[in-house]
Amino acid sequence: MARGTLPRDLAGRHVVISAGGTREPLDPVRFLGNRSSGKQGYALARTAVARGARVTLVAANAALPDPAGAEVVTVGTAAQLREAVLKAAGDADVVVMAAAVADFRPAAYATAKIKKKDGEEPAPIALTRNADILAELSTGRPRAGQLVVGFAAETDDVLANGRAKLARKGCDLLVVNEVGEQRAFGSEDNEAVVLGADGSRTAVPFGPKEALADTVWDLVAARLPTGTE
Ligand code: CTP
Ligand code: CA
């Protein structure tokens, strides 16, 4: 799509986007991670810049070039991502949580590399919960009228799981992807349905992640309060 034809409907707005996947360290050389490439979050950042927004991109372990015109804050763990997003959200009009945030982290961090021992079975890895940043943002709303957008990857019962997750998180919009071995993770294309807390449902056909990003911004722009600047 030619960027020049896009509306500058995010001019004067501050948008915060998280992207990538967190890594939760187990010892100095190992971590628990996930397969998020960061491509969808980076596409959201590029398209938001093109539509005139001031963009803060909180990037977790994404090996992608910085989007021109965005402020990029790099983080590693879910705790670091939470801190960076909450800080940037203070004066944001919109926060989009496109990052895959680890639900759990190792309960203990070994400061020295864990070694195997002859004849011994490995010790189980105990996990502990990470904070739910999206739920916290949705409840907190540091700025009146701030919009909060979540992403959900589901493998089955996509719509029912999406509706339940939207209600549980309390966000305004939830972008629901169906994922499987060949879908969404790492690919250039995406297919999704965007569910609104107002009951709306917008299907986004299989296509480039930029197209999904622009649909998200269309839905956001239509819901932003006017005349508050
Ligand atoms: N998310 C978050 N903080 C977490 C986990 C998830 O902010 N600790 C956000 C993600 O960035 C995403 C949304 O919540 O925008 C949904 O993530 P998902 O993993 O689908 O939801 P969960 O509530 O973790 O549910 P599940 O048990 O299906 O993983
Ligand atoms: Ca999760």
Side-chain angles (χ1 to χ4, degrees), residues 15-22 24 32-41 43-44 58 60 77-79 81-82 85-86 89 92-105 127-187 189-207 209 211-224:
V15 314
V16 176
I17 301 156
S18 70
T22 66
E24 310 301 314
L32 296 183
N34 61 69
R35 296 173 59 192
S36 175
S37 67
K39 285 176 185 169
Q40 185 61 63
L44 282 157
V58 178
T77 66
L81 188 140
R82 174 178 174 274
V85 167
L86 293 183
D93 296 279
V94 196
V95 185
V96 182
M97 285 294 297
V101 182
D103 295 325
F104 313 111
R105 66 179 182 278
L127 300 175
T128 188
R129 288 279 284 257
N130 281 330
D132 188 327
I133 306 163
L134 180 62
E136 194 173 343
L137 286 164
S138 300
T139 313
R141 313 270 176 159
R143 182 174 175 178
Q146 184 178 82
L147 294 176
V148 179
V149 183
F151 271 70
E154 302 290 345
T155 54
D156 52 332
D157 294 334
V158 175
L159 281 182
N161 282 330
R163 273 275 163 230
K165 194 167 280 183
L166 175 72
R168 199 164 64 239
K169 300 278 190 177
C171 53
D172 301 288
L173 294 166
L174 187 72
V175 183
V176 190
N177 284 303
E178 186 171 355
V179 294
E181 286 297 310
Q182 300 302 323
R183 301 180 74 158
F185 287 114
S187 75
D189 298 292
N190 228 353
E191 181 181 359
V193 54
V194 188
L195 303 177
D198 52 11
S200 68
R201 172 177 158 179
T202 309
V204 186
F206 189 73
K209 290 184 174 180
L212 173 55
D214 273 321
T215 301
V216 170
W217 297 131
D218 291 345
L219 295 168
V220 162
R223 287 164 175 76
L224 281 169

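- In this structure, the side chain of Asn34 engages the main chain of Ala100 through a donor-acceptor pair within 3.5 Å.
- The distance from the CG atom of Asn190 to the CG atom of Asn177 is 4.0 Å, given to the nearest 0.5 Å.
- With sequence neighbours left out, the side-chain hydrogen bond (donor to acceptor under 3.5 Å, both in side chains) criterion links Ser200 to Asp198, Arg223.
- Applying the salt bridge (charged side-chain N to carboxylate O under 4.0 Å, His left out) test to pairs two or more places apart or on separate chains, those with a residue in residues 145-162 are Glu154-Lys165.
- Annotation: side chain of Val96 is not in contact with side chain of Val15 (no heavy-atom distance under 4.5 Å).
- Contact between Asn130 and Ala102 at its shortest, heavy atoms only, is ND2-O, 2.8 Å.
- Partners of Ala135 by side chain to side chain contact (heavy atoms under 4.5 Å, CB included), not counting sequence neighbours, listed by chain and number: Asp132.
- Here Arg141 pairs with Asp172 under the salt bridge (charged side-chain N to carboxylate O under 4.0 Å, His left out) rule; sequence neighbours left out.
- Arg129 contributes atom CZ, which lies 7.0 Å from atom CG of Asp103 (distance to the nearest 0.5 angstrom).
- Listed here is the closest heavy atom pair of Leu134 and Lys169: CD2-CD, 3.7 Å.
- With sequence neighbours left out, the side-chain hydrogen bond (donor to acceptor under 3.5 Å, both in side chains) criterion links Asp218 to Arg51.
- Under a 3.5 Å cut-off, the side chain of Glu136 and the backbone N or O of Arg82 do not form any donor-acceptor pair.
- Between Gly38 and Ala19, the closest heavy-atom pair is O-CB, 4.1 Å.
- For Thr139, there are no side chain to side chain contact (heavy atoms under 4.5 Å, CB included) partners two or more places apart in sequence or in a different chain.
- The shortest heavy-atom contact between Val148 and Ser138 is CG1-OG, 3.5 Å.
- Between atom CZ of residue Arg105 and atom CG of residue Leu32 there is a gap of 11.5 Å, rounded to the nearest 0.5 Å.
- Every residue two or more places apart in sequence or in another chain that forms a side chain to side chain contact (heavy atoms under 4.5 Å, CB included) with Leu166 is listed here: Arg163, Cys171, Leu174, Leu195.
- Taking each heavy atom of Leu137 and Ala89 in turn, the nearest pair found is CD2-CB, 4.0 Å.
- The minimum heavy-atom distance between Ile133 and Ala78, with the atom names listed, is CD1-O, 3.9 Å.
- Scanning for side-chain hydrogen bond (donor to acceptor under 3.5 Å, both in side chains) contacts around Thr22 gives Glu24, with sequence neighbours left out.
- Residues passing the side-chain hydrogen bond (donor to acceptor under 3.5 Å, both in side chains) test with Arg201, sequence neighbours excluded: none.
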